[in-house]
Amino acid sequence: MAGRRVNVNVGVLGHIDSGKTALARALSTTASTAAFDKQPQSRERGITLDLGFSCFSVPLPAHLRPAPGAGPEPEPEPRLQVTLVDCPGHASLIRTIIGGAQIIDLMMLVIDVTKGMQTQSAECLVIGQIACQKLVVVLNKTDLLPEGKKQAAIDRMTKKMQKTLESTKFRGAPVIPVAAKPGGPDAPETEAPQGIPELIELLTSQISIPTRDPSGPFLMSVDHCFSIKGQGTVMTGTILSGSVSLGDSVEIPALKVVRKVKSMQMFHTPVSSAVQGDRLGICVTQFDPKLLERGLVCAPESLHTVHAALISVEKIPYFRGPLQTKAKFHITVGHETVMGRVMFFGPAPDSLDREPVLDSFDFSREYLFQEQYLCPGPDPAAAHAAEADEKAGQVSAGRCPRQQWALVEFEKPVTCPRLCLVIGSRLDADIHANTCRLAFHGVLLHGLEDRNYAESALPTLRVYKLKQKHGVVERVLDDHSVIGRSLFKKETNIQLFVGLRVQLSTGELGVIDSAFGQSGKFKVHVPGSVAGRGRRETGPPLPSPPSSSLGACEQPGLLEEAFHPKSPSPKFGRRGVRVPVLRRPCPPTPH
Ligand SMILES: Nc1nc2c(ncn2[C@@H]2O[C@H](COP(=O)(O)OP(=O)(O)OP(=O)(O)O)[C@@H](O)[C@H]2O)c(=O)[nH]1
Ligand SMILES: [Mg+2]
């Protein structure tokens, strides 16, 4: 068995035809079965259709070696193995690209130097920002630049890319020119790539090894599956968490089967164990490989199949248009993409500034329904969203909560680990329309495993709509109480509204105290004193406010169910944020 190598996964992403596969080929010394567009369909279409894996290795650079005395004895000649994950570039394969981006430690964004940033380069940059920590920009095809002006053109494009990166988390990332396949497809194979040693040196200096954690449940993202006669079925993939050893039992959740690990290889070298971040081929007792082209393999019973999920959500700023509740999106959950319907909600008004929590969902809190995701700043969608939410009685104007959530209901159940990445996109959008199809991203905080989650789990989710109704102050009783009318019907049981908050048009806050008489009038207690009392007592009957006030609250509770308003099943709790607004006109100005 070979000594352990330190493995890092480097993604090769970019617009179609920018030269990603040519670059992976120029860098690699070892290829897996599916690297470099070997599949017949790829050859026929001339594009990469699936993730391709290959690798090269270099002496482990000094900055990655453990300090003397720290950790286990270093091997005599430790090496760094760089696994390249060559992603497709075609827009229709973005699910595969998102899958690839989630298993890499560093992203190489390949740009055709003669074209600059193109639509899918931008999408890859967005995905990189969500899923990756480090970036290197590779300007490819420099051989196509006219000889005398080559350096100037490279410098110009380098500056342009640096400027583009400025507004991203990759600000200051290095940009390097290469020619992965000088002369293009017709050039002889003997034509040497240019700039590759420099790129390897740059990559080596940029790479940092994320902490690999062998504890925790074993989870591997499987990208290929095939059988070997007499031996078993081989799954190749990247370990996302935990570790695996010979003889372990592993589960293939999509098939609901458990198998024993018979042998393992890393790029053709047998190994007895592997940890998070390793690229691995794992041979288990026979099952039909056709049943699992792609998917997950894990420690038995460590994954869950969910029908809906509560996610923490952030809009992708480049996505045009609002994110609307009840809209359907393509939802990539971990490594699966399904259609899902979303309902956005935010914190209750008194918790807008609460620190975001990204590792759990608090069912004990109350939340506020949102017609749309709320955006800060001068985004036109924000103004739109605020307007819509105000119409719906939500307190959004000018204030954006620090965290927003969504309930996502999947059309088909998905199997995923806890806290996995979620990306919402509009993959049906025209791929030629120069737009970002990625709409939002987030973390899956809580999966609803029960098929009947609408009855079993949703009632515990306390998402409310705020409702307001305008009434009239009929008279001021004393410094701390007023009598109001025109808020309830005569037959309304006012007792149900006792304790709800009321705001007078002059700003005082009060609480509904009790019914007053039999005609739907009510008494409001105002803890601070009532302003302009003398005038109010003797003033003329006050006119009703304009009828634009928000939805009448005929039903007890004032707080409406937030989602599925017409469906009989999921009923959210009835207690909650209670801010009906009672207005009265301002006191007349003295002459
Ligand atoms: N002149 C020139 N042509 C190149 C270079 N690198 C790649 N090409 C050509 O560009 C075309 C696309 O190269 P690929 O490596 O297949 O591009 P890709 O980005 O992997 O394409 P997809 O995976 O389908 O998105 C091929 O015809 C290559 O021969 C280069 O450095 N110079
Ligand atoms: Mg390719």
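Note that ligands are numbered from 1 as they come in the structure, with each ligand's atoms numbered from 1 the same way. Residues: numbered from 1 along the sequence shown.
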TODO: Please work out whether any backbone atom (N, CA, C, O) or any side-chain heavy atom from C-beta onward of D86 is under 4.0 Å from ligand 1, and answer side chain, backbone, both or neither.
DONE: neither

Taking only heavy atoms of [X], which atoms of ligand 1 are found under 4.0 Å from at least one of them?
X	value
A179	31 (O)
G19	7 (C), 13 (O), 14 (P), 15 (O), 17 (O), 18 (P), 19 (O)
I16	24 (O), 25 (O)
D143	1 (N), 2 (C), 30 (C), 31 (O), 32 (N)

Heavy atoms only: which of [options] is nearest to [atom]?
atom	options	value
atom 16 (O) of ligand 1	T21, N140, L13, L139	T21
atom 30 (C) of ligand 1	K181, E191, H15, Q194	K181
atom 27 (O) of ligand 1	P88, G14, A22, P185	P185
atom 31 (O) of ligand 1	A26, G183, A180	A180

TODO: Please round to the nearest 0.5 Å and tell me the distance separating atom NE2 of H330 and atom CG of L427.
DONE: 5.0 Å

TODO: Going by the ring-ring contact (aromatic ring centres under 6.0 Å, His included) test, name the single residue among Y373, W405, F319, F329 that passes it with F440.
DONE: F329

Task: N/O separation below 3.5 Å, L144 to ligand 1 - done: no

Does the side chain of [Y] come within less than 4.5 Å of [X]'s, by heavy atoms?
X	Y	value
M266	D278	yes
T238	V222	no
C298	M220	no

TODO: Answer yes when K181 and E191 have at least one side-chain N-carboxylate O distance shorter than 4.0 Å, and no when they do not.
DONE: no

Open item on the list: Under 4.0 Å between a side-chain nitrogen and a carboxylate oxygen: does that hold for E251 and K256?
Closed with: no

